[in-house]
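Heads up: the structure comes next, in structure tokens.
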Amino acid sequence: MLEQRIDYTTALPERTKFLILGAVLSALFLTSLDQTIVSAALPKILADLGDLDLLSWTSTAYLLVSTTSLPIWGKLSDLYGRKRILLVGMAAFMAGSALCGLAPSMLSLVIFRGIQGLGAGAIGAVGLTIPADLYVPSERARLQGWIASVFAISGIIGPFLGGFLTDMISWHWIFYINLPFGLPALAAIAIFMPPLESGLKRVQIDFLGAGLLILAVVPLLVAMSVDHEKYTWFSPLIVGFLSLSAVSFVLFLGVEKRAAEPIVPLSLFKIPSFNLLCAISGLTGGSFITALLFLPIYVVNVLGTTATEAGIALLPETLGFLLTAIISGYLIQHTGRYKTIMVVGLILLAIGYGGLSTFTVSSHIQEVWLWMAILGFGIGATFPQVNLALQNAVPYANVGVATSARLFFVQLSQTIGGAIFGAILTAMITSGLTTGLQPIAAKLPPEIAPQLDPYTLRNGGMAEHLKTLDADLARYSVENRTQISEQVHEVVKDAFATAVSRIYSYTLPFAILAVLLGLFVPELPLRKSNQVKTESLGLEA
């Protein structure tokens, strides 16, 4: 159901578009920064607030709420205009930031991080949609480099800025810093941004569909995020959460079929490009998270780098992403063709994962830089073009919910992929340590052998473990104690190297599948107007 709408691509002067886009990119930068800046402050937060059991939920709560709310915010922006939803999201994000800085306990910090995540979901859903309101698809490609730079720069400076603020002032300022940067962006949006309404006729909100979507997603994400050594995959808690999620999802589909204005219009799934691009987003998102999560584990425990050097090892990926995003945007702007660049990017992703899967105990840091750079080239050529192709393929009236749905699949797959691959990695490292340490323990005195604990070594306690072992060996006059320590060290390195490389080999088929799906994505001409006829896309208005 459509109403007549203003075509903002022609109605707004370029200066106003530039101001709006700058404010939106600032908001996206803050939400992206917030996902990385917190990590450096976690030890200090734990020291001040205590409650180790809740520490991981400072990140989980943020991700859980932002992921769950994405489709809802996207639909609301289609119904009520981008400006209203973005202002609400920015207000929630900054209020959550202020509250996080004032948090008196770990539980309150987790709750306030959820408020931040609620705002971040609105900013992400609307922020990546607004370029579609301001520029037609044929002009939008040149913006990809700007948008990419937001995420690239935040990924680079986040951990360093978090550490600097924590050490020089206090951890509270990793949250307070959002206010002086967010308030000007909020003011610019309030003053300069028009309503940016999609033209959808306002009807009663699908509250039942929204509620069922929350019941489908939240239990699933919680089941994936809890400690699976404490709660096994077949424990009543996990099975209960997954069952609730499955039942709610089936009910959600039934409600959406009959809703006057569904939260997620199922008619979008009649568009081949939408299905393929969402599937590609899920496959690449779920596999890409393994590079970010597990590469530092490899370079620290196998190559012997410091935590800072491990962070630097991720820079080639970030720089590669930024470079190819800018170049590919320029090429698409001048040729109007995006499919070839997207498929080449997917191929580079697959090559990158193939290279990461070759890591051994004898690999060098230069190899890490090489394969991470290739991975970054692939991401820069793929991720922005997938978003561009999807927005070009759906009716303009549904571009908000379509964009947020793609982001939803990305974040959902990252959560699921991180949980499943993380569990597999942990199991493989434990198995490798147990097997490798057995012949060493057999040669040691019974009083010392139990100290070769795979669980302690797995969780980063190798340095302290070896010091204690060396002291005990000297006390018991065990000869060749240096050799024994070196053997333990080699077992640990081999266990970590084997496990991490296998994880990357397991992600490779997902990357190859994404390449195959990319070949089937139809390359629709980039539209030169947002006034697209929905009938041509196989949808009813």
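On a predicted model such as this, the values are computed, not experimentally measured, just so you know. Quick note: numbers below take in every heavy atom, side chains included, and nothing from hydrogens, waters or symmetry partners.
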**Message:** I want to check something: taking the side chain as every heavy atom from C-beta on, are Val368 and Leu303 in contact at a cut-off of under 4.5 Å?
**Reply:** yes
**Asked** Under 3.5 Å, is there a donor-acceptor pair between the side chain of Thr382 and the main chain of Ile379?
**Response** no
**Request:** Apply the test side chain to side chain contact (heavy atoms under 4.5 Å, CB included) to residues Trp369 and His364: give CA-CA distance (whole Å), side-chain angles for both, the deciding distance (0.1 Å), then the verdict.
**Result:** CA-CA 9 Å; Trp369 296 341; His364 300 286; over 6 Å; no
**Request:** Work out which heavy atom in Leu21 is nearest to a heavy atom in Pro131; give both atom names and the distance.
**Result:** CD1-CG, 4.1 Å
**Prompt:** Are any non-hydrogen side-chain atoms of Cys278 and Leu390 less than 4.5 angstrom apart?
**Reply:** yes
**Asked** At their closest point, which heavy atom of Ser66 faces which heavy atom of Gln411, and how far apart are they?
**Response** OG-OE1, 3.6 Å
**Asked** Below 4.5 Å, heavy atoms only, C-beta onward: do Phe359 and Leu295 meet side chain to side chain?
**Response** yes
**Prompt:** Is a side-chain donor or acceptor of Tyr338 paired with a backbone partner of Leu524 at a separation under 3.5 angstrom?
**Reply:** yes
**Asked** Is a side-chain donor or acceptor of Glu523 paired with a backbone partner of Lys339 at a separation under 3.5 angstrom?
**Response** yes
**Request:** Verify, without hydrogens or angle tests, whether Tyr504 (side chain) and Thr290 (backbone) share a donor-acceptor contact under 3.5 angstrom.
**Result:** yes
**Prompt:** Are Leu349 and Leu375 close enough that some pair of their side-chain heavy atoms sits under 4.5 Å apart?
**Reply:** yes
**Prompt:** Looking at side-chain heavy atoms only, is the closest gap between Glu256 and Leu212 below 4.5 Å?
**Reply:** no
**Message:** Just verifying a value: how many Å separate Thr324 OG1 and Leu319 CG, rounded to the nearest 0.5 Å?
**Reply:** 10.5 Å
**Request:** Measure across Leu266 and Leu253 and return the closest heavy-atom pair with its distance rounded to 0.1 Å.
**Result:** CD1-O, 3.8 Å
**Message:** So, taking the atom named OG in Ser26 and the one named CG in Leu33, what distance separates them when rounded to the nearest 0.5 Å?
**Reply:** 12.0 Å
**Chi angles and distances behind the side chain to side chain contact (heavy atoms under 4.5 Å, CB included) call for Leu331, Arg337** = CA-CA 8 Å; Leu331 292 175; Arg337 308 297 292 268; over 6 Å; no
**Message:** Using modelled atom types and a 3.5 Å cut-off, is there a donor and acceptor pairing between side-chain atoms of Asn275 and backbone atoms of Lys270?
**Reply:** no
**Item:** From CD1 (Ile326) to CG (Leu322), nearest 0.5 Å
**Value:** 4.0 Å
**Request:** Start with the C-alpha distance between Phe249 and Val217, add both sets of side-chain angles, then the distance that settles side chain to side chain contact (heavy atoms under 4.5 Å, CB included), and finish with yes or no.
**Result:** CA-CA 8 Å; Phe249 179 70; Val217 177; over 6 Å; no
**Fill in**
In short, Thr403 meets Ala125 closest at the heavy-atom pair CG2-O, 4.5 Å
**Item:** Distance, nearest 0.5 Å, that separates CD1 of Ile271 from CG of Leu276
**Value:** 11.5 Å
**Prompt:** Taking all atoms of both residues into account, what is the closest heavy-atom pair of Gly285 and Ser413, and its distance?
**Reply:** C-OG, 3.7 Å
**Request:** Take Leu220 and Ile416 through the test side chain to side chain contact (heavy atoms under 4.5 Å, CB included) and record every step on the way to the result.
**Result:** CA-CA 9 Å; Leu220 174 62; Ile416 295 174; 4.1 Å; yes
**Prompt:** Are Ser77 and Ile130 side-chain neighbours, meaning at least one heavy-atom pair lies under 4.5 Å?
**Reply:** no
**Request:** Establish, yes or no, whether a centroid distance under 6.0 Å links the rings of Phe269 and Phe274.
**Result:** yes
**Euclidean distance, Ile365 CD1 relative to Leu370 CG, rounded to 0.5 Å** = 11.5 Å
**Message:** Let me confirm one number: the CE-CG distance from Met342 to Asn387, rounded to the nearest 0.5 Å.
**Reply:** 12.0 Å
**Side-chain heavy atoms of Leu28 within contact of Ser32, under 4.5 Å** = no
**Message:** Quick one, Ser248 and Phe252 - any side-chain contact, counting heavy atoms below 4.5 Å?
**Reply:** no
**Request:** Measure the acute angle between the ring planes of Trp171 and Phe175, then classify it against the limits of 30° and 60° as parallel, tilted or perpendicular.
**Result:** perpendicular
**Fill in**
Between Ser505 and Arg502 the two heavy atoms that sit nearest each other are OG-O, 2.5 Å
**Request:** Answer yes or no: is there a donor N or O on one side and an acceptor on the other, between the side chain of Trp73 and the main chain of Ala120, under 3.5 Å?
**Result:** no
**Crowding at CZ, Phe510 (>12 non-hydrogen neighbours, <6.0 Å)** = no
